[in-house]
2 protein chains.
Amino acid sequence: MNQEERPRYLRIADELAARIAKGELREGDKLPSIPQLTRDYGVSANTAQAVIRTLVSDGLAVAKSGSGTYVRKRAQVRQLVRSWNRNARGGSPFAGEMATQGRIGSWDYDSRTAQAPAEVRERLGLDEPSGDEPDVVRTDYVFRGDGEPVMLSTAWEPLAITRGTPIVLPEDGPHAGQGVVERMRQIGINVTHAAEAVSARPATAGEARQLDIAAGAILLTITRTYYADTQPVETAHILIPTDQYQVVYGTSIWDEPPPAD
Amino acid sequence: MNQEERPRYLRIADELAARIAKGELREGDKLPSIPQLTRDYGVSANTAQAVIRTLVSDGLAVAKSGSGTYVRKRAQVRQLVRSWNRNARGGSPFAGEMATQGRIGSWDYDSRTAQAPAEVRERLGLDEPSGDEPDVVRTDYVFRGDGEPVMLSTAWEPLAITRGTPIVLPEDGPHAGQGVVERMRQIGINVTHAAEAVSARPATAGEARQLDIAAGAILLTITRTYYADTQPVETAHILIPTDQYQVVYGTSIWDEPPPAD
DNA sequence: TCGAATTTGTGCGTATGTATC
DNA sequence: GGATACATACGCACAAATTCG
C-alpha cells in the first residue's frame, strides 16, 4: 500500500520541517492548519493532527489553541552562573543571579514532609524508611525571571537534621529564601562542599507546561548535593531549559591542591 | 464534562508514571496493554494509545510492537568529573579520569592550522582575520574508554601564543597529551582560571556516527575556555552523550576537594 | 457586547498493517 | 498459523480558545 516506508504523518512533518530549515517558513510564521493539511495532502483531520503533534514535540513549532500553529521562535540564550562564591551571606542566590542580568527574580514554592524516594534516599544517606514515617522536607520550586519561568527545582532536606529547628521549612521563618548554605549555618551546620551532576533529557509534558516551553524541548538536569564534611545535608533536582539558558561553571586553577598522588 | 481539568489520557499516564516512580512497576516490567487500558479505565483504544505515546515520548517506557510496552531500562550512567584539582602535573586529564573508572583512556586527534570561526574568534579575543592567514591551531579529538568512543572535542589555540614554541601542536612533542594547563606552563603561561558553559542538543548524524549512538540522541555540549588572567589561551567544544555519561562539577565552599565518590 | 468562524485539543468508534510470541 | 499488541489511519463529534466582524 505505502510506496514509502515512512508513515504518512511523518513524511508530511518532514516536508514542513524541511521548509522551516530552508527558511521558506520563518520564525513566527503560521503553519498550515489542520483543515488546510487535510485538503493539501488528502489526509484525515486525525492524521493532520499527528503532523502538528510531531512538529510541536520536536520543538519546531508551537501550537496555539484557537489560533494556529506557528514556527517556533528561538529565545535568546542567557547564562546562569553556578558559582559557590556567589552564595554569600544575605539574600537569595537566585535573586542575585537574576539581578546581574537586570531581571527580577521571584519564585513559587510548596513545602511538605514526605518519605524520600529511593534515589534521594541514597544521595542523602538515609536509612530504610520505617512505615509511612516522613523523613524529609520536600520543596518544589518554580523560579521566575521577570515573571517568566526559568527553572524548576525540587529539594529534599532530611528531617533528622532540621526537625525542631527554625529552618525546617526552607521558605518560612527569618532565614527564608537565603539559600541552603546560609540557612544551615543558622543551626550550626557548616556546609563545606557541593557536587553537581549535570545531564540532559527531553522535558515531560508536565514540565513543559510549567516552564512554558515546547513539550520535548531539552532540559539540563542538575543533581546537586550539599555536604557538611562527609554528611549530605541537602539534595535537589534542578531543571533548566537549554533553549533559554546555558549553565556556566567557573573556577580558579591556582586553588588546586598539591600534585596528585 | 470533565470533572478534572487535566485530560483523561494525561491523568492515566500520570497514574502509571506514579506507579513507576513508586517502584510498583520496575524496569523491564510490562505495562498494561491498550486493550487492557480500555477495560481498566473505560476509555477508547485511541485514548489508551495516547497514554502509551505520552509515556514513551516522556522516556518512561519503550513500546515493542507486537509484544507490549515496558518500563524503560536506564543504561548505567558513568560519571565524568570535571574538576580542576585533577588537572595536576603529569599525565593526561582524560586518561586519569578513565583510570579512576578502571578503564583505559585513549584518543585520536587531528591538528591543523586554520582560521578561527567567528564564534571562536570572539571567545579568544582575536582581531579581525587578515586574508586567509591562519590564526589558530585547531585540533579535533575522539576520546575513548576501553576503545569505545565517549567524548568528542574540538580545541582552538591562538597561534599568536604558541607560534614557534615546542607546544604549538597539542599532541606532539615532549608535552603531548598533558593538558592545556601543563603545556602552557612550559612556555611560561600560567593558566589561572577556566569557564565552562554547559548546554545540550540532539546529535547530528555525523556526531552520532562518531560516537556510535542513535541519531538524535542528546549530547551535553560544553564550551570551555582557559584564561591566563584576562587573556584567553584556549577554547574548546566538548560533546558528551547523556545516555552514557553524566558530568560532575564539584567544588568546596572552603576550597576543599570534592567528596570522594 | 455579542456571536460567528476558525483552529487546536480531546475523545469516541472502526479498520488495517505489521511485529512478536 | 493464530493470538496478541502496537502503529497508523480513516470517520465523526464536541469542547475550549482565539479572532474578527
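Note that this is a predicted model, so its numbers are computed, not measured. Letters A, B, ... are given to chains in the order of the sequence lines, protein chains preceding strands, and every chain is numbered from 1.
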**OP:** Output, in order, the C-alpha distance, side-chain angles, deciding distance and verdict of side-chain contact (heavy atoms from CB on, under 4.5 Å) for A/H237 and A/T223.
**Re:** CA-CA 5 Å; A/H237 282 160; A/T223 301; 3.7 Å; yes
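Taking 4.0 Å as the cut-off between side-chain N and carboxylate O, A/R11 and A/E15 do not count as a salt-bridged pair. By the 4.0 Å N-to-carboxylate-O rule, A/E234 lies close enough to A/R224 to be salt-bridged with it.
By the salt bridge (charged side-chain N to carboxylate O under 4.0 Å, His left out) test, B/D40 is found to be paired with no residue, residues two or more places apart in sequence or in another chain being considered. Residues passing the ring pair (Phe, Tyr, Trp, His ring centres under 6.0 Å) test with A/F94, sequence neighbours excluded: A/F143. Scored by the side chain to side chain contact (heavy atoms under 4.5 Å, CB included) test, A/R53 finds A/Q49, A/A50, B/R53 as partners (sequence neighbours excluded). Under the side chain to side chain contact (heavy atoms under 4.5 Å, CB included) criterion, B/D14 pairs with B/R6, sequence neighbours left out.
Straight-line distance from the CZ atom of A/R6 to the P atom of C/dT18: 16 Å, rounded to whole Å. Between B/I12 atom CD1 and C/dG11 atom P the separation is 8 Å, expressed in whole Å. The nearest whole Å value for the distance from the CD1 atom in B/I34 to the C1' atom in C/dT16 is 14 Å. Between the CZ atom of B/R11 and the C1' atom of C/dG9 there is a distance of 15 Å, given to the nearest Å. Separating the NZ atom of B/K30 from the C1' atom of D/dA5 is a distance of 7 Å, rounded to the nearest angstrom.
Within residues 40-52 of chain A, the residues that place at least one heavy atom under 4.0 Å from DNA chain D are, in residue-number order, A/G42, A/V43, A/S44, A/N46, A/T47.
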N/O-N/O pairs, protein side and nucleotides 17-21 of chain D side, under 3.5 Å:
unit_1 : atom_1 : unit_2 : atom_2 : d
D/dT18 : O2     : A/G66  : O      : 3.4

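Side chains of B/Q210 and B/L239 form no contact here, defined as non-hydrogen atoms less than 4.5 Å apart.
Contact annotation: B/Y9 does not reach the phosphate of C/dG11 (side-chain N/O to OP1 or OP2, under 4.0 Å).
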